[in-house]
Amino acid sequence: MAKWMVYTKKADFRGISEACGISPVLARVIRNRDVIGIEATRRFLGGTISDLWSPRLLPDMEKAVGILCEKIKGGASVRVIGDYDVDGICASYILMSALSACGACADVVLPDRVKDGYGMNVRMAEDAAEDGTGVILTCDNGIAAGEAVLAARKAGICVIVTDHHEVPFEEDEDGKKKYILPPADAVVDPKVRNPETGEMDYPFPDICGAVVAWKLADLLLEKLIPQKRSGILEQLLPFCALATVCDVMPLADENRILVREGLRRIPDTANIGLKSLLLVNGLEEKSITTYHAGFVIGPCLNATGRLDNAERALALFMEDDPGRALRSAQKLRELNDSRKSLTEQGVEQALELVGRQNLLDYRILVIFLPDCHESLAGIIAGRIRERFSRPVFVLTRTEDGMVKGSGRSIEAYDMFASMTEVKDLFCRFGGHKMAAGLSMKEENIPALQRCLEEKSTLREEDLTDVIHIDMELPPSLWTIDMVEELKLLEPCGTDNPRPMFAARGVKLRSVKVMGKGKNVLGFDAADSDGRNLSLTMFREAGLFREQLAAARGGREWSALLRGHAEVPVSMIYYPEINEWRGRKSIRFVVKDLHF
């Protein structure tokens with residue numbers, strides 16, 4: 001069962017409420033997001049583009065832009081090297097748009113996931129030299145590409161790295177970390193540390209690669225075509241929003257502003273390719289939310305990098321013919337449908353393996369699916385992590401006999417740091433606290449499982465899913481206006497989750513099973529004062545029935561189906577507006593129940 005934890009953070013909620021024009025309930029919820037004080041609350045609620053951190057605060061940013069300006073004016077060609085996920089695609093598009101507007105001779109290369117692996121490699125450096133490239137400009141990669149950067153520099157190519165991933169490091173015998181930067185002409189990464197203080201200078205390091213690219217574009221446009229700067233930057237905001245959501249960046253600080261402003265502009269985008277993606281997914285007349293970005297649009301872009309080539313998605317954004325754009329967008333959607341089917345097969349195989357090999361005896365799961373498409377390893381790892389609340393690596397065999405894999409972690413486990421402790425087992429690896437990629441020899445898989453387990457400091461309580469509750473609040477106290485006010489929290493996502501509330505003394509009276517997979521439960525219920533409640537819960541009927549029988553016996557389920565039950569529960573829920581034929585009512589969505 002999930003562990004329930006109620007936030008107990010303190011503040012002058014009434015004072016914040018009065019100063020910011022919000023209810024004390026909303027003031028408490030915002031404080032639970034580690035937003036402290038009246039001014040920070042105001043910025044959280046109404047921050048604008050003018051509140052973003054200056055691009056000049058990023059390490060080497062002014063140096064990088066100075067080099068680019070000089071090279072562009074001198075007629076040198078620029079090659080952008082991106083990545084095959086949404087962040088890399090959007091970052092590449094942002095840089096190409098800015099470079100083109102500045103009159104640069106520029107092209108772009110995205111790695112093939114299967115042939116090239118993640119990020120810039122030596123072959124790409126050699127290809128750039130053969131093509132006479134003057135400058136390589138990376139985005140969403142490069143911080144760990146020291147060998148490739150060195151190869152490019154030896155070939156006489158200027159290299160500017162823009163990235164947002166963790167800087168590789170080595171530890172000495174005393175546990176002191178030595179950070180290793182690639183030998184580039186400039187390295188722009190918010191996670192680069194000040195050599196004197198050992199700390200990151202950028203005020204909010206958790207931005208994605210596309211936002212780093214957007215900030216570089218900001219300064220570049222300011223120096224070369226200042227009169228067009230604001231218009232171009234505004235057109236590129238939707239791509240910052242898509243990348244931030246799809247790269248699962250925390251929706252706090254400036255990310256919150258960028259996502260809110262970027263999503264708001266998507267329906268009116270002038271980009272023909274993005275418009276086509278909206279059209280084929282039935283979103284052309286809708287307000288775009290983080291759900292649409294992360295679970296509808298983003299997967300279509302990611303599918304190209306997984307089952308085809310990510311340059312197809314980038315070409316869609318650069319397309320100027322509506323007919324071709326629509327056909328390309330439809331192809332992206334078809335690829336994503338195929339990806340979904342293959343993912344479900346992979347998840348089923350992984351679950352079967354977990355049971356057959358007793359992998360739950362370990363705190364870190366290493367799952368080898370030799371025949372799985374290597375591009376799906378990360379998605380499958382994420383699904384298994386959600387199921388068992390523990391770090392997961394999914395590995396698959398490649399065409400050259402090696403093994404590639406992806407990992408997805410939990411809050412209590414720093415995946416990148418843990419992999420660094422066993423780095424001798426890998427041919428190549430990289431990532432950050434919550435996700436990572438790797439390549440290794442197949443013979444090292446047992447050693448990986450053993451060594452990760454031996455070095456792990458995870459406790460049993462770390463492997464229990466935790467649901468954080470904003471406050472205990474009886475459902476009967478909610479009004480339409482209070483529920484509408486919760487929209488001020490949007491966009492919701494990582495580090496700014498949908499608010500959750502707790503209620504005790506609720507009685508379930510009847511149940512209706514809905515959904516194709518019988519995974520939606522509708523309850524008629526009553527609160528502790530006998531007021532009627534409409535509850536919805538997304539849980540498989542069979543699983544709920546088993547949990548109910550274990551807690552209350554086998555007869556309660558049939559009584560609920562007949563509408564003659566009174567099953568007492570405590571619940572975690574969130575309210576939402578249900579509108580039917582112009583009339584609004586409040587529906588309560590149940591996140592979890594304790595009988």
Side-chain angles (χ1 to χ4, degrees), residues 57-60 63 117-122 138 140-154 159-207 209 212 362-364 366 391 393 403 405-441 443-459 462:
L57 295 175
L58 282 162
D60 270 5
K63 180 180 180 183
Y118 165 73
M120 176 182 170
N121 58 39
V122 172
T138 76
D140 192 32
N141 79 95
I143 197 67
E147 184 183 5
V149 171
L150 183 60
R153 292 287 305 279
K154 286 181 175 179
V159 181
I160 298 171
V161 167
T162 77
D163 202 347
H164 73 116
H165 292 96
E166 298 285 351
V167 180
F169 63 86
E170 294 177 346
E171 282 188 337
D172 60 22
E173 294 179 356
D174 298 325
K176 187 176 180 180
K177 293 178 180 178
K178 176 187 176 184
Y179 292 93
I180 305 166
L181 294 178
D185 293 86
V187 179
V188 184
D189 187 324
K191 293 187 175 68
V192 169
R193 295 170 186 268
N194 186 308
E196 296 180 3
T197 66
E199 302 295 326
M200 302 176 195
D201 285 337
Y202 193 70
F204 185 69
D206 292 321
I207 54 177
V212 176
Y362 299 98
R363 289 165 294 177
I364 297 102
V366 177
F393 291 90
V403 164
S406 292
R408 298 294 182 268
S409 194
I410 59 176
E411 283 296 333
Y413 188 75
D414 188 330
M415 183 163 275
F416 180 75
S418 299
M419 293 174 73
T420 300
E421 291 183 14
V422 296
K423 63 182 180 181
D424 291 343
L425 294 174
F426 305 120
C427 299
R428 194 176 181 195
F429 77 101
H432 48 80
K433 178 181 177 180
M434 297 300 292
L438 63 93
S439 63
M440 63 187 298
K441 295 179 180 178
E443 64 199 49
N444 286 337
I445 294 176
L448 177 63
Q449 176 74 85
R450 184 180 66 255
C451 292
L452 288 174
E453 193 70 21
E454 289 173 353
K455 293 179 179 294
S456 172
T457 58
L458 287 171
R459 303 163 299 172
D462 295 328

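Basis for what follows: all heavy atoms, side chains included, without hydrogens, waters or symmetry-related copies. Treat the numbers as computed from the prediction; the structure is a model and nothing was measured.
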Undergrad: Nearest heavy-atom pair of R193 and M200: which atoms, and what distance?
TA: NH2-CE, 3.3 Å
Undergrad: Roughly how far, to the nearest 0.5 Å, is OG of S418 from CG of L458?
TA: 7.5 Å
Undergrad: Does S406 reach the main-chain N or O of G437 with its side chain, forming a donor-acceptor pair under 3.5 Å?
TA: no
Undergrad: Could you check whether any side-chain N or O of S409 sits under 3.5 Å from a backbone N or O of A435, counting only pairs where one atom can act as donor and the other as acceptor?
TA: no
Undergrad: Please round to the nearest 0.5 Å and tell me the distance separating atom CD1 of I445 and atom CZ of R450.
TA: 13.0 Å
Undergrad: Decide yes or no for L448 and F426: does some side-chain heavy atom of the first lie under 4.5 Å from some side-chain heavy atom of the second?
TA: yes
Undergrad: Quick check: do E411 and K433 have side-chain heavy atoms less than 4.5 Å from each other?
TA: yes
Undergrad: With sequence neighbours left out, which residue pairs that include part of residues 142-154 fulfil the side-chain hydrogen bond (donor to acceptor under 3.5 Å, both in side chains) condition?
TA: R153-D185
Undergrad: Can you confirm whether M419 sits close enough to F393 that some side-chain heavy atom of one is under 4.5 Å from a side-chain heavy atom of the other?
TA: yes
Undergrad: As an exercise, state the distance from NZ of K177 to OG1 of T420, rounded to the nearest 0.5 Å.
TA: 8.0 Å
Undergrad: Parallel, tilted or perpendicular for F429 and F416, by the 30°/60° rule?
TA: tilted
Undergrad: Below 4.5 Å, heavy atoms only, C-beta onward: do Y413 and D462 meet side chain to side chain?
TA: no
Undergrad: Can you check whether P182 reaches V159 side chain to side chain, under 4.5 Å on heavy atoms?
TA: no
Undergrad: Please name the pair of heavy atoms, one in V122 and one in A148, separated by the smallest distance, quoted to 0.1 Å.
TA: N-CB, 3.7 Å
Undergrad: For I364, is there any backbone N or O sitting under 3.5 Å from a side-chain donor or acceptor partner on Q449?
TA: yes
Undergrad: Under the 3.5 angstrom rule, does the side chain of D163 hit a backbone N or O of D189 as a donor-acceptor pair?
TA: no
Undergrad: If I compare all heavy atoms of M120 with all of A152, which pair ends up nearest, and what's the gap?
TA: CE-CB, 4.0 Å
Undergrad: Within the structure provided, determine whether P190 and V212 are in side-chain contact (heavy-atom separation under 4.5 Å).
TA: yes
Undergrad: Measuring from L425:CG to L438:CG, what's the distance to the nearest 0.5 Å?
TA: 10.0 Å
Undergrad: Minimum heavy-atom separation for T162 to T138, with atom names?
TA: OG1-O, 2.6 Å
Undergrad: Test side-chain contact (heavy atoms from CB on, under 4.5 Å) on H164 and D206 and set out the steps.
TA: CA-CA 8 Å; H164 73 116; D206 292 321; over 6 Å; no
Undergrad: Rounded to the nearest 0.5 Å, how far does CE of M434 lie from CD1 of I410?
TA: 8.0 Å
Undergrad: Using modelled atom types only, decide if a donor and an acceptor are shared between the side chain of R363 and the backbone of E453 within a distance under 3.5 Å.
TA: yes
Undergrad: For Y179, look at atom OH and say whether over 12 heavy atoms of other residues, nucleotides or ligands are found less than 6.0 Å away.
TA: yes
Undergrad: Decide yes or no for E170 and I180: does some side-chain heavy atom of the first lie under 4.5 Å from some side-chain heavy atom of the second?
TA: yes
Undergrad: Once rounded to the nearest 0.5 Å, what's the spacing between atom CZ of R408 and atom CE of M415?
TA: 8.5 Å
Undergrad: What pairs with N444 under side-chain hydrogen bond (donor to acceptor under 3.5 Å, both in side chains), at least two apart in sequence or on another chain?
TA: none
Undergrad: Between I143 and L181, is any pair of side-chain heavy atoms under 4.5 Å apart?
TA: yes
